[in-house]
Amino acid sequence: MLSLANVRTASGAAGYFAKDNYYTRADADRSGEWFGEGAAALGLKGTVDARTFEAVLKGNLPDGSRVGSDNRYHRAGTDLTFSLPKSWSILALVGGDSRILDAYASAVKESLAWAEKNLAETRLQHRGKEKIVQTGNLVTALFRHDTNRNQEPQAHVHAVIANVTRGPDGKWRALRNDKLWEHHTLLNAMAMARFRIEVEKLSYEIGELGRHGNFEAAGVPTHVREAFSTRRAEVLGKVAEMASRSPAAHDAATLMTRAEKAPAADRGALLDTWKAQAEELGFTPGDVIARANARAATGLGEDHGARSAVRNLGASVRAFAADFVERLGLKQGDPLIPTRLGNRPVEDVAAIHAVASAVRHLSEREAAFDRFAVYRTALSFGLPASIPAIERRVDQLLRQGHLVRGKGADKGMVTTRDAIAAEQRILAEVEAGRGQGVALMTPESAGERLQALAQDRHGLTLNAGQEGAGRMLLASTNRIVAIQGVAGAGKSTVLKPVAEILSAEGRKVTGLAVQNTLVQMLERQTGIESMSVARFLGRYAPLLDGSDRKALAEARSEWKGSTVLLDEASMVGNAEKEKLVRLANLLELGRFAAIGDRKQLGAVDAGKPFDVMQQAGIETSGMRINIRARNVAMRDAQHAAQAGQIEEALRHLGDGVVEVAEGAALSAAATWLELTPPERERTAIYASGRTLRGAVNEAVQTGLKANGELGERALLLETLSRVNLTREELRHAKSYAPGMVVEVDRRQRAQHLAPGRYSVVASDPRQEQVTLENERGTAFGFRPDKLRPQAERDPLRLFEIKPVTIHPGDRIRWTETDHRRGLLNADQARIVAIGEKTVTVTTSSGIEHELAHDDPMLKRLDLAYALNAHMAQGLTSDRGIAVMDSREKNLSNQQTFLVTVTRLRDGLTLYVNNARRLEAAVERNTGMKRSALETTKMLGDAAARGTGNTSKTKEPVEEKKLPELELSKVKPFEIGI
């Protein structure tokens, strides 16, 4: 693993890193060496001298120049600590195989050389503005250490990077180390990938695979690793006491449990102690080393599958490539895999497959992604490929056009040819529907009827934004339109009179939403009959291939001229949106309206088509006035959050922002528990992520039980918690762990798996083999890599077993849907009673159900006292209590913050670990996805020209030329603040 820390003092660092922390003099002599182009430019070569090292950390360089100021704090540097997994430390230090240490040191240097080339930056002043530029050089001192603070074997390398770098103008300046922090997991994966290749050359076997490219050595048992890892146990023990389980929390726990590190007085005695401890554990490191040497000597290599055998026997690359193709199920063809692999080096073949897996994985969730993310993901799949081979393969895909470079500010991003084509098809459908809509009346008469109906039946007056949206829905001549409304703008309020007018005119109106809870809310607030997007597409998407003309004619007769309203449209990705707009034209709808706020949470899947359609000029009505908030402070906070002004939003929340360094979830739960029952009904609890939500749920339930507000009887359930993986991740055995549950939705004939539920009994990532067991106890061999990579639907679902205890009075939510009984995913229910054989529940609609203890829906629930942002979007409550943690990097973003702040009418109490850090984290991270057309600047060009083909004929996008869609008749539109 790799950990980062800022060096606190130059003098302290010089003393610490130069200590004799080695069990042999030879290792000490090899430690402390200068590394990097920057060091070479300063004439720093060979062994690190402590005095020179301290001077460089202070900014005093050998050439006489000075970085920093004596009157201003100068950060000394950054310590990147690369640590070997415990099993390899045991083999190297206890077993005495120093080749392992050399292999790791070499791997670390390769990783650092890449960092120097790609991550080294500084700040320049350019025309009065600060500009960040790459420098391509670092001044680094490398120190090898071999023990942790508990005097246990732990080989690690400190790469101390001084806070100096030479800019393009030749001047030495302070190093901007932001990218080092941002990409430290990538650097670790790079080092481990190279290390793996090198130790496999030594004929060692690879054991358990971990995160960020880490892996253990086969043959070193878990109990031995744990016995030599008391330092890790201390850190994990401290993390268990903390509210967060994030990497930052682990770093904090490491510091909190850190004792002074004292050098061993007698290195020989320390080694003897380690050997004696290993012997007491019944383990001899020399046996593992001897087996590796024997395999190397006899040329047998690893005996764990064709891949390893081919590599170690030195057999033909063609056999290796054929094994990959056979195992990964690619015989049917894959555009990311060349048809001929036989003449390529083994590592290049592995890189080809690793990059293909990375692109498929990333493309499922993002239309465009950082190039470094491709590298990191490719390395994470554990194939024998190093970063140079992976970079070469990415460059090949860019040259071939399968990947496309971003432009301008997005030059570090890449997208795929398919993503560009998909977004162009969406915009083409929007354009094909231009002028094809049903205008029931003039805009003026539409406005008059809407206001009259709103006032007479509902006692309200629509504001200008609401009236404008209603006018467009009733009077536009375009089939596909958008309503962009800020959170709390009253989008649902205007839909009710619009639906009433449409019904009066004999027009069918249907609502769509991505979640069942939003479907229910849409129906309840507007009276519009609604369904989920998934249900609508499941029913009508098969018509898109044109094979069933009779079914198409019947569907068209049902839907022609009708209105379909898609609520919370920002949560729909490219794949679903393309089908929806195609169906809008195919079924000849009178109107298809996408309604939402493009600044709120986006889709889980790739793309942000609601935003893209607006940027490209779809007819859009803007609703920019927030009418939800009922007091000035709340309204101002929501307005600031909508504008991305996080500091101002927090200021308006005032005393509602409460700092709790640790235990914010407990504080939030306690605050809610102090409310009266009526106040609780008006107060929602929001948590930014799954971990915090679970902590709040558990704390609330514990408090209610202690207060005697829950029934005495308890029932422990083994629920199924979905493991959120991409289809590509489901194709790799390392995703499956014993104890997990696999649900097969449709027959896998090649794998002899019928639909049903299976338990994971064993998993061997090296063989890509998983053993499953059905409910009758029959075992099946399962090869995840045989699943088709090009499949559009998930062939199966993977779950972890999560124990949940329920009591009478508990609030729960369903995590699966049973349409027959009206039990809907994400809908809430309450436990009424627990009997000997049954559980009685009441749904949100007031329907009571009696479920047997073995009812499958009792495995598909969770506590529902707290909701996360994706569950909360579209919901409203009077007051709220929320928890956000700045250490949850991906969740501390502007979209999550916006949704949290804008759900409420009257007030919010926001518990945070550190307000200043949360503000900084949210300011940095918008949370917004990038579209393929934005990234390549094709979208801006098309919207700016505003001319193009208006033909309704849909020609397939020609893959090689990547034509840019030209839009005609672009109309002005408003964008919400």
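Fair warning: this is a prediction, and the values are worked out from it, not measured in the lab. When reading the values below, keep in mind they use all heavy atoms of this one structure, side chains included, and skip hydrogens, waters and symmetry mates.
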Quiz item: Would His184 and Met1 count as a side chain to side chain contact (heavy atoms under 4.5 Å, CB included) if you check the C-alpha gap in whole Å, the side-chain angles of each, and the deciding distance to 0.1 Å?
Solution: CA-CA 10 Å; His184 73 279; Met1 62 172 288; over 6 Å; no
Quiz prompt | Those residues that, when tested against Ala159, pass side chain to side chain contact (heavy atoms under 4.5 Å, CB included) (two or more places apart) | solution = Leu80, Phe82, Leu112, Thr140, Leu142
Quiz item: Trp274 and Asp146: which non-hydrogen atoms are nearest, and at how many Å?
Solution: CH2-O, 4.2 Å
Quiz prompt | Gap separating the CZ atom of Arg173 from the CG atom of Leu124, nearest 0.5 angstrom | solution = 4.5 Å
Quiz item: Between Ala107 and Ala191, which heavy-atom pair has the shortest distance, and what is it?
Solution: CB-O, 3.2 Å
Listing, residues 919-926 side-chain donor-acceptor contacts under 3.5 Å, not counting sequence neighbours, or none:
unit_1	atom_1	unit_2	atom_2	d
Glu923	OE2	Ile646	N	3.4
Asn925	OD1	Gly927	N	3.0
Thr926	OG1	Met928	N	3.1

Practice problem: Output all residues satisfying side chain to side chain contact (heavy atoms under 4.5 Å, CB included) with Lys275, sequence neighbours left out; order by chain, then residue number. | Solution: Val94, Leu271
Quiz prompt | Residues forming a ring pair (Phe, Tyr, Trp, His ring centres under 6.0 Å) with Phe195, sequence neighbours excluded | solution = Trp88, Tyr104, Phe215
Exercise. Look at the side chain of Arg295 and the backbone N and O of Ser203, then say whether any donor-acceptor pair between them is shorter than 3.5 Å.
Key: yes
Quiz item: If you look at every heavy atom in Ser892 and Ser886, which pair is closest and at what distance?
Solution: OG-CA, 3.6 Å
Exercise. Grab the two heavy atoms, one from Glu198 and one from Ala103, that are nearest each other, plus how far apart they are.
Key: CB-CB, 3.9 Å
Practice problem: Please confirm whether the backbone N or O of Ala358 pairs with a side-chain atom of Thr377, one donor and one acceptor, at under 3.5 Å? | Solution: no
Quiz prompt | Check: Arg405 side chain, Thr935 main-chain N or O, donor-acceptor pair, under 3.5 Å | solution = no
Quiz item: Considering the options Val139, Val67, Ile161, which one meets the side chain to side chain contact (heavy atoms under 4.5 Å, CB included) requirement together with Leu175?
Solution: Ile161
Quiz prompt | Point-to-point distance, once rounded to the nearest 0.5 Å, from CD1 of Ile387 to CZ of Arg376 | solution = 10.5 Å
Quiz item: Is any side-chain heavy atom of Leu336 less than 4.5 Å from a side-chain heavy atom of His402?
Solution: yes
Quiz item: What pairs with His183 under ring pair (Phe, Tyr, Trp, His ring centres under 6.0 Å), at least two apart in sequence or on another chain?
Solution: Phe372
Quiz item: Salt bridge between Asp348 and Arg392, side-chain N to carboxylate O under 4.0 Å?
Solution: yes
Practice problem: Return the set of residues passing side-chain hydrogen bond (donor to acceptor under 3.5 Å, both in side chains) with Arg365 (not counting sequence neighbours), or none when no residue passes. | Solution: Asn724
Quiz prompt | Sidechain-backbone polar pair: Arg225 side chain, Val220 backbone, donor-acceptor under 3.5 Å | solution = yes
Quiz item: Salt bridge check: are Lys929 and Glu366 linked by an N-O gap of less than 4.0 Å?
Solution: yes
Quiz prompt | Sidechain N-carboxylate O distance under 4.0 Å for Asp410, Lys937 | solution = yes
Quiz item: Is Asp97 paired with Arg99 through a side-chain N to carboxylate O contact shorter than 4.0 Å?
Solution: yes
Quiz item: Hey, does the side chain of Lys45 reach the backbone of Ala39 with a donor-acceptor pair shorter than 3.5 angstrom?
Solution: no
Exercise. Decide whether Arg393 and Gln396 meet the rule of one side-chain donor and one side-chain acceptor closer than 3.5 Å.
Key: yes
Quiz prompt | Separation between OG1 of Thr81 and CG of Asn188, rounded to the nearest 0.5 Å | solution = 11.5 Å
Self-check item: Taking every non-hydrogen atom, the tightest pair across Pro62 and Val56
Solution: CD-CG2, 4.2 Å
Quiz item: Are any of the side-chain heavy atoms of Leu362 and Val374 separated by less than 4.5 Å?
Solution: yes
Practice problem: State the OG1-CG distance between Thr185 and Leu187, to the nearest 0.5 angstrom. | Solution: 8.0 Å
Quiz item: Side chains of Glu208 and Pro765: does their closest heavy-atom pair fall under 4.5 Å?
Solution: no
Exercise. Indicate yes or no: does Glu54 engage Arg51 in a salt bridge with an N to O separation below 4.0 Å.
Key: no
Self-check item: Test ring pair (Phe, Tyr, Trp, His ring centres under 6.0 Å) applied to Phe143 and Trp34, Phe35, Phe53, the passing residue
Solution: Phe53
Practice problem: Indicate yes or no for a side-chain donor-acceptor contact from Asp63 to the backbone of Ser65 under 3.5 Å, with no hydrogens or angles considered. | Solution: yes
Practice problem: Using atom types as modelled and distance alone, determine if a side-chain donor or acceptor of Ser106 lies under 3.5 Å from a backbone N or O of Asp102. | Solution: no
Exercise. Only pairs at least two apart or in different chains count here, so list each side-chain hydrogen bond (donor to acceptor under 3.5 Å, both in side chains) that has a residue in residues 108-121.
Key: Glu33-Lys109, Glu110-Arg194, Trp114-Glu391, Glu121-Arg176, Glu121-Lys179
Quiz prompt | Separation between CG of Asn148 and OG1 of Thr230, rounded to the nearest 0.5 Å | solution = 6.5 Å
Self-check item: Test side-chain hydrogen bond (donor to acceptor under 3.5 Å, both in side chains) applied to Ser363 - qualifying residues, sequence neighbours left out
Solution: none
Quiz item: How would you list, by chain and number, every residue that makes a side-chain hydrogen bond (donor to acceptor under 3.5 Å, both in side chains) with Arg371, sequence neighbours excluded?
Solution: Tyr375, Asp395
Self-check item: Donor-acceptor contact below 3.5 Å, side chain Asn914 vs main chain Arg917
Solution: yes
Quiz item: Is the side chain of Asn163 donor-acceptor paired with the backbone N or O of Ala76 at a distance under 3.5 Å, no angle test?
Solution: no
Exercise. Look at the side chain of Ser89 and the backbone N and O of Ala155, then say whether any donor-acceptor pair between them is shorter than 3.5 Å.
Key: yes
Practice problem: Please identify each residue that fulfils side-chain hydrogen bond (donor to acceptor under 3.5 Å, both in side chains) with Ser83, with sequence neighbours left out. | Solution: none
Practice problem: Please check if any side-chain donor atom of Gln154 sits under 3.5 Å from a side-chain acceptor atom of Thr147, or the reverse. | Solution: no
Practice problem: Of all the heavy-atom pairs spanning Pro168 and Gln134, show the shortest one and how long it is. | Solution: CG-O, 4.0 Å
Quiz item: Looking only at side chains, do Arg75 and Asn6 share a donor and an acceptor under 3.5 Å apart?
Solution: no
Practice problem: Would you please name every residue forming a side chain to side chain contact (heavy atoms under 4.5 Å, CB included) with Lys131, sequence neighbours left out? | Solution: His126, Val133
Self-check item: Leu138 side chain reached by Glu37 side chain, heavy atoms, under 4.5 Å
Solution: no
Self-check item: side chain to side chain contact (heavy atoms under 4.5 Å, CB included) assessment of Ile337 paired with His353
Solution: CA-CA 7 Å; Ile337 305 293; His353 288 281; 3.7 Å; yes
Quiz item: What do the steps show when you test Val359 against Thr416 for side chain to side chain contact (heavy atoms under 4.5 Å, CB included), and what is the final call?
Solution: CA-CA 8 Å; Val359 171; Thr416 66; 4.0 Å; yes
Quiz prompt | Results of ring pair (Phe, Tyr, Trp, His ring centres under 6.0 Å) for Phe381 - residues two or more places apart only | solution = His732
Quiz item: Just how far is it from atom CZ of Arg930 to atom OG1 of Thr936, taken to the nearest 0.5 Å?
Solution: 10.0 Å
